[in-house]
Amino acid sequence: MKRTHHCNELRKADAGSPANIVGWIDSVRDHGGILFIDLRDREGKTQLVLDPENSELTKIFGELKPESVIQASGEVHERDGDTVNVNLPTGEVEIHVVDLLIHNQSKTPPFPMDDEADRVGEELRLAYRYLDLRRPKNLETLKLRHKASKAIRDYFDANGFLDVETPMLFKSTPEGAREFLAPSRLNPGKFYALPQSPQQYKQMLMVAGVERYYQMARCFRDEDLRADRQPEFTQVDVEMSFIDREDMYGLIEGLLKKVWQETLGTEIETPFLRMPFEDAMNRFGSDKPDLRFGLEIKDFSDTFRESDFKVFSGTIASGGSVKAFNAKGLADLTQGELKHLEETAKSLGAKGLAFIKSENGEWKSPILKFLSQSEQNKLREDLSVEDGDIIFFAAGDWESSCNILGRVRLESATLLEKRGKIERSPTDWKFLWVIEFPLMSHDEEQGRYVATHHPFTSPVPEDIELLDSEPKKVRGQHYDIVLNGVELGGGSIRIHQPDLQKKVFEEILAIPADVVKSRFGYMLEAFTFGAPPHGGIALGLDRLVAILVGRDSIRDVIAFPKTQKGQDLMTDSPSVATDKQLRDLHIRSVLPESD
RNA sequence: GGGGGUGUAGCUCAAUUGGUUAGAGCGCUGGCCUGUCACGCCAGAGGUCGCGGGUUCGAGUCCCGUCACUCCCGCCA
């Protein structure tokens, strides 16, 4: 009673031969006498024909419910010309069923199993994730994800990389993301932490002489969720010895080329564009710019340095910047849309969102009366303002004026796209490397420098001397790979000199010496036993696959994702632990006061 | 921690200014139908309007609170 074919296998040439297939009932069409079933498995559909002459079969007609699992055997018949279904690869044949076994009868599913279900609330689909995944569209996503990981594994294997597993029970290192803790039964009062990434282990593998390492690494971060952030996710983790940045760019460009070939059959162009962090911020207001459209930001600090408009000149006098971009063709935006853009700007710390509309041959703006003719001319020229355009401004410190206009630029793109004035095709692949990030940034809250990426990133050689004098100006040998406004991954050349690493920890990041010793002591020691120069990168596999299949949320490409509150609605986790479990682990729950 | 959105039948949605018995499509149940393929036709069942409170002669609709899901800010070395 073994199946002989899957549901997308039989063709005209099979006519006359016996077949035995299994699958889920996709639909039943009962004509009173003759009855048709579309049987579905993960490969496709095949039509079964149940003839009323077979009285054994007629008895169970009433039990053939959609989504039931059945097995059917019979003979493959070629269909008559006018009954061929051109929409199915198996549409030229059907199986005339002799025997039919119901393996498992299905209740009526809580939501439709066709493409209609894309509109069904995610809450319900997550509670019945096994049904949602059963839909062909979602099985295709799992298949594509598999193809992507296989391409990745094949690529690294072919390039001499070793797949090495690293511990999930790691040590708590409070720098960085909040961690999930795992209590240790054998060590009362002590805890492991689940890794935010295998960063330190992979560097130790380099010291160990592995030379080329990769891993599909599960990572855990106990931070708030987003469409592109889950508390556990998968990272394509890579580390190599004896390389420089150029080697890494080439390696990853080759990897992505192969992934695109193997999953979509698409050729992407390499090498990728490279853009320094500062340019990305200045031109696009983002460290992960979407290059599928223009609307570039320009700096007008020089233009407004002496301006009568005090909001601008005052900002510049106190060291800030005035920036603007032309949202080309958006002068017809509605009051509501303008208000929304203002809210966006304000949510990023702007006091408001200054704008100038160019409509019917004249400029209209609440701030126009403050701007001199030469200032207006400069804007018109530098931003190529034409009728129907609208200029948006931001004034503030360099970083926040970039960020504000970066967001307004993205929102404007959405509005322009609705009007058909620009296009952001999900298959217009605009890759780039963002490079030369600052090694550290000043944390206002903590009043000290923190590593922009992580504290193991090596400074670019010519900036090392600035470490003591102007740490802010030191650029790191860090690189991010960006695609269509999404940060796919990032990495760096690491520090492999114990003295430099110690200096970064203690002097620049101002981590107390005893903390450095307890947390990173083993690492500093490891670097004294022959540490090779090395570097690496990590790519978010979930984001990569989401982009490949054109989904906005990584939940769509994870088999069992969690909701925004970190719950799995299917298994109803997390859940309370028993008193015995807690006792064994030497811990106690202290619930927040509810009043 | 903060801001926005959503919540009405199993599913997707509608319900005028607060006003009679809350509707439609799909699905489901029953019946008819021997070439359909999202089969068709006929009939029927199905509602804690997320939950709690308030205003009102009267609340799906207005107000307050709360829960869930979601988008974003903070956060994510």
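Note that this is a predicted model, so its numbers are computed, not measured. Within every chain, numbering begins at 1; the chains are lettered A, B, ... in the order of the sequence lines, protein sequences first and strands thereafter.
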Exercise for the section: May I ask you to verify if any side-chain N or O of A:Arg29 is less than 4.0 angstrom from the OP1 or OP2 atom of B:C39? Expected result: yes
Handout entry: C1' spacing across the pair B:G60 / B:A9, given as an integer number of angstrom
Key = 14 Å
For residues 85-92 of chain A, which side-chain N or O atoms pair as donor and acceptor with protein atoms under 3.5 Å away, sequence neighbours left out?
from    : atom 1 : to      : atom 2 : distance (Å)
A:Asn85 : OD1    : A:Asn87 : N      : 2.8
A:Thr90 : OG1    : A:Lys45 : O      : 2.5

Handout entry: Selection residues 516-527 of chain A - residue pairs positive for side-chain hydrogen bond (donor to acceptor under 3.5 Å, both in side chains), sequence neighbours left out
Key = A:Gln200-A:Tyr522
Exercise for the section: Indicate, with a heavy-atom threshold strictly under 4.0 Å, whether A:Gly91 touches base, sugar-phosphate, or nothing. Expected result: nothing
Problem - Those residues that, when tested against A:Phe170, pass ring-ring contact (aromatic ring centres under 6.0 Å, His included) (two or more places apart) - result: A:Tyr201
Completion exercise
With the side chain defined as heavy atoms from C-beta on, A:Leu124 is closest, among B:C37, B:C11, B:U36, to B:C11
Handout entry: pair A:Leu100-A:Leu64: side-chain heavy atoms closer than 4.5 Å
Key = yes
Problem - Parallel, tilted or perpendicular: rings of A:Trp433 and A:Tyr479 (30°, 60°) - result: perpendicular
Practice task
Taking atom P in both B:C26 and B:C39, compute the distance separating them and give it to the nearest angstrom.
Solution key: 12 Å
Practice task
Could you work out the separation of B:G52 and B:C13 based on their P atoms and round it to a whole Å?
Solution key: 24 Å
Handout entry: Residues touching RNA chain B, which here means a heavy atom under 4.0 Å, drawn from residues 494-505 of chain A
Key = none
Handout entry: Qualifying residues under ring-ring contact (aromatic ring centres under 6.0 Å, His included), relative to A:Phe284, sequence neighbours excluded
Key = none
Problem - Phosphate contact (B:A68 OP1 or OP2) by A:Thr563 side-chain N/O below 4.0 Å - result: no
Handout entry: Euclidean distance for C1', B:C63 against B:G18 (whole angstrom)
Key = 13 Å
Handout entry: Sugar-phosphate, base or nothing in reach of A:Val120, heavy atoms under 4.0 Å
Key = sugar-phosphate
Protein-nucleotides 24-30 of chain B N/O pairs under 3.5 Å:
from  : atom 1 : to      : atom 2 : distance (Å)
B:U29 : OP1    : A:Lys65 : NZ     : 3.0

Exercise for the section: Please work out if A:Ala227 contacts a base, only the sugar-phosphate, or nothing of the nucleic acid, heavy-atom cut-off 4.0 Å. Expected result: sugar-phosphate
Exercise for the section: Mind checking A:Arg519 for me? I need base, sugar-phosphate or nothing, with any heavy atom below 4.0 Å counting as a touch. Expected result: nothing
Handout entry: Separation between the C1' atoms of B:A15 and B:A59, rounded to whole Å
Key = 14 Å
Exercise for the section: Would you check if A:Gln564 and A:Arg229 make a side-chain contact, meaning some heavy-atom pair closer than 4.5 Å? Expected result: no
Practice task
Would you indicate whether the side-chain heavy atoms of A:Glu9 and A:Glu43 approach each other to under 4.5 Å?
Solution key: no
Problem - side chain to side chain contact (heavy atoms under 4.5 Å, CB included) partners for A:Leu169, two or more places apart - result: A:Ala182, A:Tyr192, A:Leu194
Problem - Paired nucleotide for B:A68 [Watson-Crick or G-U wobble; both distances under 3.5 Å] - result: B:U6
Handout entry: Residue whose nearest RNA chain B nucleotide is more 5′ - A:Arg543 or A:Leu569
Key = A:Leu569
Handout entry: B:C62 to B:C71 separation - P atoms, rounded to the nearest Å
Key = 26 Å
Exercise for the section: Looking at every strand, decide which applies to A:Val86 at a 4.0 Å heavy-atom threshold: base, sugar-phosphate, or nothing. Expected result: nothing
Handout entry: Residue list, side chain to side chain contact (heavy atoms under 4.5 Å, CB included) with A:Pro198, at least two apart or on another chain
Key = A:Thr166, A:Tyr213, A:Gln215, A:Ala217, A:Cys219, A:Gln235, A:Asp237
Practice task
Using ring-ring contact (aromatic ring centres under 6.0 Å, His included) as the criterion, list what pairs up with A:His534, not counting sequence neighbours.
Solution key: none
Could you go through residues 113-120 of chain A and list every donor-acceptor pair under 3.5 Å that involves a side-chain atom there, pairing it with any protein atom two or more places apart or in another chain?
from     : atom 1 : to       : atom 2 : distance (Å)
A:Asp114 : OD1    : A:Glu116 : N      : 2.9
A:Glu116 : OE1    : A:Arg119 : NH1    : 3.4
A:Glu116 : OE2    : A:Arg119 : NH1    : 3.4
A:Asp118 : OD1    : A:Arg135 : NH2    : 2.4
A:Asp118 : OD2    : A:Lys137 : NZ     : 2.4

Practice task
For B:C69, take OP1 and OP2 only and decide whether either is under 4.0 Å from a side-chain N or O of A:Lys565.
Solution key: no
Report all interatomic pairs (protein N or O, nucleotide N or O of nucleotides 1-9 of chain B) with separations under 3.5 Å.
from : atom 1 : to       : atom 2 : distance (Å)
B:G1 : O6     : A:Asp224 : OD2    : 3.4

Exercise for the section: List for me each residue that meets ring-ring contact (aromatic ring centres under 6.0 Å, His included) alongside A:His454, sequence neighbours excluded, and say none if there are none. Expected result: A:Phe456
Exercise for the section: Take atom P in B:U17 and the same atom in B:G53, then report the distance between them in whole Å. Expected result: 28 Å
Practice task
In whole angstrom, give me the gap between the C1' atoms of B:G40 and B:U34.
Solution key: 14 Å
Practice task
Tell me what A:Glu94 touches on the nucleic acid: a base, only sugar-phosphate, or nothing, going by heavy atoms under 4.0 Å.
Solution key: base
Exercise for the section: Tell me whether A:Phe111 is stacked on the nucleobase of B:C11, counting only the six-membered base ring and applying the 5.5 Å and 30° thresholds. Expected result: no
Practice task
Ignoring backbone atoms, establish whether A:Arg40 has a side-chain N or O less than 4.0 Å from OP1 or OP2 of B:A38.
Solution key: no
Practice task
Mind calculating the distance between CG (A:Asp132) and P (B:C11) to the nearest angstrom?
Solution key: 14 Å
